[in-house]
Amino acid sequence: MTDEYNLRHCLLLAEAGRYSCRPNPVVGCVIVKDGAIVGEGWHHVAGQAHAEVLALQQAGDLARGATVYVSLEPCVHHGRTGPCTEALLHAGIARLVYAMEDPNPLVAGKGLARLREAGVVVDGPVLQAEAAALNPGFSKRMTRGLPYVRCKVGMSLDGRTAMASGESQWITGAAARHEVHQWRARSCAILTGIGTLLHDDPALTARLDNYNGLQPLRVIADTEGRTPPAAQTLQLPGKVVLACGPDAAAYLQQHEVCGSGLQADCTVMPVPLLNGKLNLKTLLQQLASDWQCNEVWVEAGPTLVGALLQAGLVDELVTYIAPALLGERARPLATLPGLDRLADKVSLHFVDVAMVGEDCRIRSLVLPRA
């Protein structure tokens, strides 16, 4: 078995923690001795044993003199658990092969250095791009203080997301809607705007058969504090954040709008204004710093989607295209004023195209604007 083969196995193991270990990164680990796997593990839940520790527990005494493969550099700091580097050294491993360095400034090469200093042979990075793709939100939060933002849009073939009346349920089919719940489940937060909340009254929860993973934080961008206490999302268990302008936030806090009587654990989060609207970059920074959000899933109308795109805050569009035409009076995908020339366009890079039931799903990266 080659180093690449074993690291690919680590990447597959890491995916098992996708819905349960946030805000930590997903990590997989494999221990090999004499050409055979003697231990493996993946990070299950934040605050519990890391992938390396679980693999060491499975390997037992066979870990001594073995090679450890890990999708992310072992931690060297004391958090809610002890440093994995010390556990690896205590087990007496001979070699470590890693896929990528940890972007967390508390680690960032220090774990690898500690192992080398203790005489462990350290090789890598191997499959770095594949490993980075496992944790785009964690890496972005650690290096830029922002979450990775995906915007979901369901639209007709002519690019319309709702009828002129606002009617939109359902443009896309059941298979697409089921996949959306998988995206919700992997996200740290779901962000919507007050317009969508008032019109559609969404639950903003991940609803999958037999799903017992973490529910995402539910975030409502509500500049003026218009969210009604009777909103469905406030009547469901889970955490809700009302992101409001400073004046509205002060009013809501004074009148304890998020107090007793709600099923949700509701928090009012003041966000500074920019041109009379919420400063969306600051909002996202607060979700990253105060709520440890790695990935934010946006399900919103054209106003909020357009504002995020124009501010350069969207990393990825996940677009479901239904085989239907809604006509020129129907609502657009995004409100993007000021695009008068072709040079002003928002450019995308398609990374994946697939059929989901009767609909077509396109994933595209949003390219930096010139």
Side-chain angles (χ1 to χ4, degrees), residues 1-77 79-104 107 111-112 114-116 118-139 182 185-186 210-214 294:
M1 295 185 292
T2 65
D3 288 347
E4 182 175 318
Y5 176 90
N6 289 319
L7 277 173
R8 289 196 183 280
H9 187 43
C10 288
L11 301 183
L12 289 174
L13 287 171
E15 278 290 352
R18 176 64 65 195
Y19 300 144
S20 60
C21 75
R22 59 179 183 263
N24 288 0
V26 296
V27 181
C29 178
V30 171
I31 301 176
V32 175
K33 190 170 188 179
D34 298 329
I37 293 176
V38 296
E40 60 182 38
W42 48 275
H43 187 33
H44 293 235
V45 178
Q48 296 183 9
H50 288 188
E52 298 94 322
V53 171
L54 293 173
L56 288 171
Q57 290 173 354
Q58 189 177 106
D61 293 340
L62 293 175
R64 187 162 300 277
T67 296
V68 172
Y69 295 87
V70 66
S71 61
L72 186 70
E73 172 187 5
C75 63
V76 72
H77 65 293
R80 285 185 281 183
T81 61
C84 291
T85 49
E86 299 309 310
L88 293 168
L89 291 174
H90 181 75
I93 71 165
R95 179 176 179 241
L96 180 126
V97 184
Y98 69 96
M100 67 173 286
E101 287 191 8
D102 192 330
N104 185 342
V107 185
L112 302 175
R114 170 74 179 109
L115 293 169
R116 289 191 178 105
V120 175
V121 176
V122 177
D123 293 317
V126 179
L127 300 180
Q128 184 172 7
E130 290 90 335
L134 282 177
N135 295 293
F138 180 77
S139 293
Q182 294 176 327
R186 69 168 283 166
N210 302 316
Y211 179 67
N212 57 3
L214 298 173
N294 296 326

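A donor-acceptor pair is defined here as one N or O able to donate and one able to accept, closer than 3.5 Å; such a pair exists between the side chain of R22 and the backbone of L214. S71 places no side-chain N or O within donor-acceptor distance of the main-chain N or O of L11, the cut-off being under 3.5 Å.
Taking the side chain as every heavy atom from C-beta outward, D102 and F138 approach each other to under 4.5 Å. Side-chain atoms of T85 and C75, non-hydrogen and from C-beta on, never get closer than 4.5 Å to each other. At a threshold of 4.5 Å between non-hydrogen side-chain atoms, the residues L112 and V107 do not count as touching. Contact of the L13 side chain with the E40 side chain is registered, since non-hydrogen atoms from C-beta on lie closer than 4.5 Å. Using a 4.5 Å heavy-atom threshold, the side chains of V45 and Q48 count as touching. In this structure, L134 and P25 have side chains that are not in contact, with every pair of non-hydrogen atoms separated by 4.5 Å or more. Taking 4.5 Å as the limit, every side-chain heavy atom of L54 sits out of range of all side-chain heavy atoms of H43. Taking the side chain as every heavy atom from C-beta outward, V120 and I93 approach each other to under 4.5 Å.
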Pair D61-K33, salt bridge (charged side-chain N to carboxylate O under 4.0 Å, His left out): steps then yes or no: CA-CA 11 Å; D61 293 340; K33 190 170 188 179; over 6 Å; no
Side chain to side chain contact (heavy atoms under 4.5 Å, CB included) evaluation trace for Y98 with V122: CA-CA 8 Å; Y98 69 96; V122 177; 3.8 Å; yes
Evaluate the side chain to side chain contact (heavy atoms under 4.5 Å, CB included) criterion for residues N294 and N135: first the C-alpha distance (whole Å), next the side-chain angles of each, then the deciding distance (0.1 Å), finally the verdict. CA-CA 8 Å; N294 296 326; N135 295 293; over 6 Å; no
Test log, rule side chain to side chain contact (heavy atoms under 4.5 Å, CB included), inputs Y19 and Q182: CA-CA 9 Å; Y19 300 144; Q182 294 176 327; 3.9 Å; yes
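Of the candidates L88, V27, V30, V27 is the only one forming a side chain to side chain contact (heavy atoms under 4.5 Å, CB included) with V70. Considering E73, Q128, E130 as possible partners of M100, the one that fulfils the side chain to side chain contact (heavy atoms under 4.5 Å, CB included) test is Q128. With respect to Y69, the side chain to side chain contact (heavy atoms under 4.5 Å, CB included) criterion is satisfied by exactly one of D123, I31, V97: V97.
Across all their heavy atoms, G47 and N24 have their closest contact at N-ND2, 4.2 Å. The minimum heavy-atom distance between A14 and G28, with the atom names listed, is CB-N, 3.4 Å. Of all heavy-atom pairs spanning A55 and G41, the tightest one is CB-N, 3.8 Å.
A salt bridge does not link D3 with R8: every distance from a Lys NZ or Arg NE/NH1/NH2 to an Asp or Glu carboxylate oxygen is 4.0 Å or more.
To the nearest 0.5 Å, atoms NE2 (H50) and SG (C21) are separated by 9.0 Å. Distance CD/E52 to CG/L96: 8.0 Å, rounded to 0.5 Å.
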